[in-house]
Amino acid sequence: PLEGAVTFEDVEFAYAVGDPVIRGVSFHVEAGQTIAIVGPTGCGKSTLLSLISRFYDPSGGRILIDGVDARLWPRERLRRSIAMVFQEPFLFSNTIGRNVAYGTPGVEREAVLEAIEAARATDVVERRSRGLETVIGERGVSLSGGQRQRLTIARALMMDAEILVLDDATGSVDPVTEAEIQDALDRRRRGQTTFVVAHSLSTLRRADAIIVLDRGRIVDIGTHEDLLGREGHYRAAALIQLA
């Protein structure tokens, strides 16, 4: 069984030959840790997360999952062990309940409602006369951006995967709802290894470590307190929020 330890060893990746997006990235994450990834726009944050689930394979170096090269894990087994929430939420033209339970067919109704509550999306269900049986349009066209994002977070929670990847997953919700979602995630993770791209200090403070990327390279690693105490991108961005 997969536990969730992740190691990058001198990883390189380029979408086009000669134009690397990830450059010599190395770090180790113990199973159960929460790691935040920050950096300026276009620095490679989303690409790094995509490498973990093998949407792409490194062009150099290697990624280890529990000490085993990710390319040696059966792709289906690996991806069922990783729940992802992207910046742009995707929902199917189906019921709310089936959208949330998409990765876990046959699950009980009560479990779906618990995941929806944890993602602070109960209002999405209660405001509709058919509740979980309400059909939403392709990509959730009948919902607001924050509602769509909260339902995709509920879907990720339903999977109870060993690795949880949140790519700016709370960017479409207000600060109060974001804090509530983070509290719920903390209660439900149960030892999940979590990677999160985020910008708010309330989320970053919860991380065991923060990786700072710039132009595809790691320029700093530390806790919120560590990084706030030294010059660099993280301190500059944090001071803007604290001002």
Mind checking what makes salt bridge (Lys or Arg N to Asp or Glu O under 4.0 Å) contact with Arg150, not counting sequence neighbours?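 Scan of Arg150 (salt bridge (Lys or Arg N to Asp or Glu O under 4.0 Å), adjacent residues dropped) gives Asp123.
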Can you pull the ring-ring contact (aromatic ring centres under 6.0 Å, His included) pairs that have at least one residue in [range], sequence neighbours excluded?
range: residues 56-79; answer: Phe13-Tyr56, Tyr15-Tyr56
range: residues 206-230; answer: His224-Tyr234
range: residues 25-49; answer: Phe8-Phe27
range: residues 123-180; answer: none

Suppose we screen for side chain to side chain donor-acceptor pair (under 3.5 Å). Which residues come up paired with [X], at least two apart in sequence or across chains?
X: Glu231; answer: Arg235
X: Asp214; answer: none
X: Asp220; answer: Arg230
X: Ser200; answer: Glu178, Ser202, Thr203

Distance-only polar pair, side chains of Ser26 and Asp10, donor-acceptor under 3.5 Å: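 There is no such pair between these side chains.
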Nearest atoms (heavy-atom pairs only) where [X] meets [Y]:
X: Leu213; Y: Leu48; answer: CD1-CD1, 4.0 Å
X: Asp168; Y: Gln149; answer: O-NE2, 4.0 Å
X: Thr152; Y: Pro89; answer: CG2-CB, 3.6 Å
X: Asp208; Y: Thr223; answer: O-CG2, 3.6 Å
X: Pro20; Y: Ala14; answer: CA-CB, 3.6 Å
X: Leu143; Y: Arg148; answer: O-NH1, 2.7 Å

Could you walk me through whether Glu12 and Arg23 satisfy the side-chain contact (heavy atoms from CB on, under 4.5 Å) test, starting with their C-alpha distance in whole Å, then the side-chain angles of each, then the deciding distance to 0.1 Å, before giving a yes or no? CA-CA 5 Å; Glu12 303 268 345; Arg23 308 163 185 259; 4.2 Å; yes
Do you reckon [X] sits in the same ILVMFWY cluster as [Y], going by side-chain contacts under 4.5 Å, direct or chained?
X: Val6; Y: Val196; value: no
X: Ile37; Y: Leu204; value: no
X: Met84; Y: Leu164; value: no
X: Leu91; Y: Phe86; value: no
X: Val38; Y: Ile218; value: no

Do Ile210 and Ile35 come close enough that some side-chain heavy atom pair is under 4.5 Å?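 Ile210 vs Ile35: side chains apart.
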Under a 4.5 Å cut-off applied to non-hydrogen side-chain atoms, are Asp167 and Val85 in contact?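 No, too far: nothing below the 4.5 Å cut-off.
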How many angstroms lie between atom [atom1] of [X] and atom [atom2] of [Y], to the nearest 0.5 angstrom?
X: Leu201; Y: His199; atom1: CG; atom2: NE2; result: 11.5 Å
X: Glu117; Y: Glu110; atom1: CD; atom2: CD; result: 12.5 Å
X: Lys45; Y: Ser50; atom1: NZ; atom2: OG; result: 12.5 Å
X: Arg217; Y: Cys43; atom1: CZ; atom2: SG; result: 13.0 Å
X: Leu2; Y: Arg80; atom1: CG; atom2: CZ; result: 13.0 Å
X: Arg75; Y: Ser53; atom1: CZ; atom2: OG; result: 10.0 Å

Would you check, one step at a time, whether the test side-chain contact (heavy atoms from CB on, under 4.5 Å) holds for Leu166 with Val197? CA-CA 6 Å; Leu166 305 171; Val197 170; over 6 Å; no
Using side-chain contact (heavy atoms from CB on, under 4.5 Å), reason through Leu132 and Ile116 one step at a time and then give a plain yes or no. CA-CA 10 Å; Leu132 290 180; Ile116 289 174; 3.5 Å; yes
What's the verdict on side-chain contact (heavy atoms from CB on, under 4.5 Å) for Asn99 and Arg155, showing C-alpha distance, side-chain angles and the deciding distance? CA-CA 7 Å; Asn99 266 285; Arg155 182 167 60 201; 3.9 Å; yes
Check whether Gln147 reaches the backbone of Ser144 with its side chain - one donor and one acceptor, N or O, closer than 3.5 Å.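 Between the backbone of Ser144 and the side chain of Gln147 there is a qualifying donor-acceptor contact (under 3.5 Å).
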Which atom pairs, donor and acceptor, lie under 3.5 Å between side-chain atoms of residues 62-71 and protein residues at least two apart or in another chain?
from: Arg62; atom 1: NE; to: Glu9; atom 2: OE1; distance (Å): 2.7
from: Arg62; atom 1: NH2; to: Glu9; atom 2: OE1; distance (Å): 3.4
from: Asp66; atom 1: OD1; to: Gly4; atom 2: N; distance (Å): 3.0
from: Asp66; atom 1: OD1; to: Ala5; atom 2: N; distance (Å): 2.9
from: Asp66; atom 1: OD2; to: Glu3; atom 2: N; distance (Å): 2.6
from: Asp69; atom 1: OD1; to: Arg71; atom 2: N; distance (Å): 2.9
from: Asp69; atom 1: OD1; to: Arg71; atom 2: NE; distance (Å): 3.2
from: Asp69; atom 1: OD2; to: Arg71; atom 2: NH2; distance (Å): 3.3

Partners meeting ring pair (Phe, Tyr, Trp, His ring centres under 6.0 Å) with Tyr102 (sequence neighbours left out):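 By the ring pair (Phe, Tyr, Trp, His ring centres under 6.0 Å) rule, Tyr102 matches Phe92.
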Give a yes or no on whether Arg79 atom CZ has more than 12 heavy-atom contacts from other residues, nucleotides or ligands under 6.0 Å away.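 Atom CZ in Arg79 is crowded, with more than 12 foreign heavy atoms closer than 6.0 Å.
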For a side chain to side chain contact (heavy atoms under 4.5 Å, CB included) with Ile52, tell me which candidate from Thr193, Ile82, Leu78 qualifies.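 Output: one option passes, namely Ile82.
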Show every side-chain hydrogen bond (donor to acceptor under 3.5 Å, both in side chains) that has at least one partner inside residues 127-136, sequence neighbours left out.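 For residues 127-136: none.
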